[in-house]
Protein chains: 2
Amino acid sequence: MTEQHISLEIAPSSGVPIYRQIIEQVRRMVASKQLKPGAELPSVRSVAQSLAVNPMTISKAYSLLEAEGVLQRQRGKGMIVSSNLPESQSEDQRLHLLQPAIEQIITEARQLEIGRETLLKEIKARYKE
Amino acid sequence: MTEQHISLEIAPSSGVPIYRQIIEQVRRMVASKQLKPGAELPSVRSVAQSLAVNPMTISKAYSLLEAEGVLQRQRGKGMIVSSNLPESQSEDQRLHLLQPAIEQIITEARQLEIGRETLLKEIKARYKE
DNA sequence: TATGCTGTATTAATACTATAATACACATAG
DNA sequence: CTATGTGTATTATAGTATTAATACAGCATA
């Protein structure tokens, strides 16, 4: 079964549609090779159950990821990460996927008049690796 | 007229409803006193025009902010920042409003396997104050 | 008083998001 | 073959988001 045990999460009150939150998470995990080409994704029904959402919502996310080329469908089995993906993502390329979040947090910090050093200090404190 | 010249922005492709983006920005500017109690907000129609959006969408945001107590309506004139707001927001309190964005960017960085130092360096480079 | 500015209400239409309950074709393990 | 597991399609329903075109009441001022 090769359980990858990846965990998908949603922020119910964020305003971002559930299927989009799923898509973005899978995209990031594929880009970082936490999900390698050929890896199986958890089934639509299991994700739906653990997130307490409708299976069709997860199916929609998977379908769009398939259309995007990130996933491949295996009839009767499940979804796997595409085997023919653009070459290994360098850290610079992955950083590109993080840009929107960086722009967002800087905008919010500016509007809150929270200076750069305070922001950096806060992230340093919260980001345990 | 006391033009405050505050600028509201939206990210059309973010999935977050426009009226929620407006609400969050105003909340932050009020918390940081960039919008002080009594300050006039730009009119529904002017914001709608500059964002190329329907006036009712902005009106909805303003109405919800009024219900929340952040804004007060002046019939026939416009919206102003409430005069009886909870006392001055300390930086700690403002930092609280930033927590969701911090959680979000750390989650994304982890999924992209971008380490703390890389993240900090990138923010430092982008945040010019 | 007339003009022009506020926010808002109304009605209608459209689109998107999500849920629920079924059903189907396919694959695989027993 | 049977049972169970894939993803997906269908139909119906609901709530939300957004737009459009009007209209109205209140305020300010020339």
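For the numbers below, each heavy atom of this structure counts, side chains included, while hydrogens, waters and symmetry mates do not. Numbers restart at 1 for each chain; the letters A, B, ... are given by sequence-line order, proteins then strands. As the structure is a prediction and not an experimental result, all values here were calculated from the model.
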Round to a whole Å and report the spacing from [atom1] of [X] to [atom2] of [N].
X        : N       : atom1 : atom2 : result
Asn54(A) : dA12(D) : CG    : P     : 17 Å
Leu64(B) : dT18(D) : CG    : P     : 12 Å
Gln74(B) : dA28(D) : CD    : C1'   : 13 Å
Ile80(B) : dT6(C)  : CD1   : C1'   : 13 Å
Leu41(B) : dT6(C)  : CG    : C1'   : 13 Å
Glu40(A) : dG5(D)  : CD    : C1'   : 12 Å
Ile58(B) : dA20(D) : CD1   : C1'   : 15 Å
Gln49(B) : dA20(D) : CD    : C1'   : 16 Å

Listed nucleotide nearest any side-chain atom of [X], set [options]:
X        : options                  : value
Arg75(A) : dT8(D), dA27(C), dA18(C) : dA27(C)
Ser43(B) : dG7(C), dA17(D), dA20(D) : dG7(C)
Lys77(B) : dT19(C), dC27(D), dT8(C) : dC27(D)
Arg45(B) : dT19(C), dT8(D), dT8(C)  : dT8(C)
Met56(B) : dG7(C), dT19(D), dT8(D)  : dT19(D)
Ile18(B) : dT8(C), dT18(D), dG7(D)  : dT18(D)
Pro17(A) : dT8(C), dA21(C), dA18(C) : dA18(C)
Tyr62(A) : dT8(D), dA18(C), dG7(C)  : dT8(D)

Any side-chain N or O of [X] below 4.0 angstrom from OP1/OP2 of [N]?
X        : N       : result
Ser59(B) : dG7(C)  : no
Lys60(A) : dA18(C) : no
Tyr19(A) : dA18(C) : no
Thr57(B) : dT19(D) : yes
Arg73(A) : dT6(D)  : no

Do the charged groups of [X] and [Y] touch, with an N to O distance under 4.0 Å?
X         : Y         : answer
Arg94(A)  : Glu113(B) : no
Arg126(B) : Glu122(B) : yes
Arg27(B)  : Glu68(B)  : yes

At what distance, to the nearest 0.5 angstrom, does CD1 of Ile6(B) lie from CD of Glu40(B)?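 Those atoms lie 11.5 Å apart.
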Quick check: do Ile22(B) and Leu51(B) have side-chain heavy atoms less than 4.5 Å from each other?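 Side chain of Ile22(B) against side chain of Leu51(B), heavy atoms only: contact under 4.5 Å found.
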Is the count of non-hydrogen atoms from other residues, nucleotides or ligands lying under 6.0 Å from Gln49(A) atom CD greater than 12?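 Result for CD/Gln49(A): open.
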